[in-house]
Participant: 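I have a structure here, written as structure tokens, and I will follow up with some questions on it.
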Amino acid sequence: MNDRAGWLPRIVGHRGAAGLAPENTLEGLAAAARLGARAVEFDAKLSADGVCVLIHDDMLDRTTDGRGPVAAAPWRAIRKLDAGGWFGPDWRASRVPTLAQALDLARAHDLQCDIEIKPSAGREVETALAVVAEVTRCWPARRRKPLMTSFSRLALAAARGAAPRLPRGLNVWEHPDDWAAAARDLDCGWVICADRFMTRAWAGAIRKAGFALGVFTVNDPRRAATLWRWGVGAVVTDRPDLLSTGR
Ligand code: G3P
Ligand code: MG
């Protein structure tokens, strides 16, 4: 895979290692590295005051002891929340990290990053610009560039405009009719698809169109082996430990 298309290994830890440690935390990213993953996917969103933080949902409720929209909470409040207690009592010290902290940890563990730009509604462009600004500020130029991914085409377009040399991937859920045109227009090297809708034929079509193919979320090693046979380049998994043989 050339630099423009970006690089991901065969196994990518989903939200860190979401089956084994609280998602989108530094502990989760470190767990993925410990389990042998060479790359992690995580979700980046903006706090009320524009700080890029790692969290999947629009609301704080599921993965922290906070309440309400992430977009309405300032960083000084988010930073105090418990982001691990929901996962298990041993994880209560886990916090919502900033993107800068996550990039520092990834660098220290030599992890490649699939940064999913996960904007709150209406903040697509602002979030993408903040993410690429943090990557440009924090990520050493000599290292392989992180992959910018998103379901939001607005976010990918903004990322492309601000930092065209950062590689991009289009996340898709079902089979959007215009997936190929969209990925091409956004100059994406990767198309990253939901396993639930992945078939051999669709994998073949994506590969034939010249895109690298990722699939999420795959926790069964037999399914991962099938996908790799179909030409899938990166399998995003909550359980890098289960998939790591033969990577
Ligand atoms: O790798 C893509 C995957 O993370 C997209 O789904 O909902 O887990 O962010 P989600
Ligand atoms: Mg994600």
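Every number for a ligand or one of its atoms is a count from 1 in the order of the listing.
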Participant: Could you report the tightest heavy-atom contact between R223 and M198, atom names first, then the distance?
Facilitator: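 Scanning both residues completely, I find the closest heavy atoms to be NH2-O, 3.3 Å.
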
Participant: Distances under 3.5 Å, N/O of ligand 1 against N/O of the protein: list each pair and its distance.
Facilitator:
{"unit_1": "ligand 1", "atom_1": "4 (O)", "unit_2": "H14", "atom_2": "NE2", "d": "3.2"}
{"unit_1": "ligand 1", "atom_1": "4 (O)", "unit_2": "E41", "atom_2": "OE2", "d": "2.6"}
{"unit_1": "ligand 1", "atom_1": "4 (O)", "unit_2": "E116", "atom_2": "OE1", "d": "3.2"}
{"unit_1": "ligand 1", "atom_1": "7 (O)", "unit_2": "H56", "atom_2": "NE2", "d": "2.6"}
{"unit_1": "ligand 1", "atom_1": "7 (O)", "unit_2": "K118", "atom_2": "NZ", "d": "3.3"}
{"unit_1": "ligand 1", "atom_1": "8 (O)", "unit_2": "H14", "atom_2": "NE2", "d": "2.6"}
{"unit_1": "ligand 1", "atom_1": "8 (O)", "unit_2": "R15", "atom_2": "NE", "d": "3.3"}
{"unit_1": "ligand 1", "atom_1": "8 (O)", "unit_2": "R15", "atom_2": "NH2", "d": "2.8"}
{"unit_1": "ligand 1", "atom_1": "9 (O)", "unit_2": "D43", "atom_2": "OD1", "d": "3.3"}
{"unit_1": "ligand 1", "atom_1": "9 (O)", "unit_2": "H56", "atom_2": "NE2", "d": "3.3"}
{"unit_1": "ligand 1", "atom_1": "9 (O)", "unit_2": "E116", "atom_2": "OE1", "d": "2.8"}
{"unit_1": "ligand 1", "atom_1": "9 (O)", "unit_2": "K118", "atom_2": "NZ", "d": "2.7"}

Participant: Which atom, counting only N, O or S, brings E41 closest to the Mg ion (ligand 2)?
Facilitator: OE2

Participant: Which is the closest N/O/S atom of E116 when seen from the Mg ion (ligand 2)?
Facilitator: OE1

Participant: Which atom pair, heavy atoms only, marks the closest approach of I117 to S150?
Facilitator: O-OG, 2.7 Å

Participant: In D43, which N, O or S atom comes closest to the Mg ion (ligand 2)?
Facilitator: OD1

Participant: Can you tell me which residue among L81, V96, I55 is in a side chain to side chain contact (heavy atoms under 4.5 Å, CB included) with T63?
Facilitator: I55

Participant: Among R38, R143, R144, whose salt bridge (charged side-chain N to carboxylate O under 4.0 Å, His left out) with D110 holds?
Facilitator: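 Among R38, R143, R144, the one meeting salt bridge (charged side-chain N to carboxylate O under 4.0 Å, His left out) with D110 is R143.
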
Participant: Ignoring hydrogens and angles, state whether a donor on the side chain of E124 or S152 is under 3.5 Å from an acceptor on the partner side chain.
Facilitator: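 The criterion, which ignores hydrogens and geometry beyond distance, is not satisfied for S152 and E124.
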
Participant: Relative to the ring of W179, is the ring of F211 parallel (under 30°), tilted (30 to 60°) or perpendicular (over 60°)?
Facilitator: perpendicular

Participant: How far apart are the closest heavy atoms of M59 and V70, and which atoms are they?
Facilitator: C-CG2, 4.0 Å

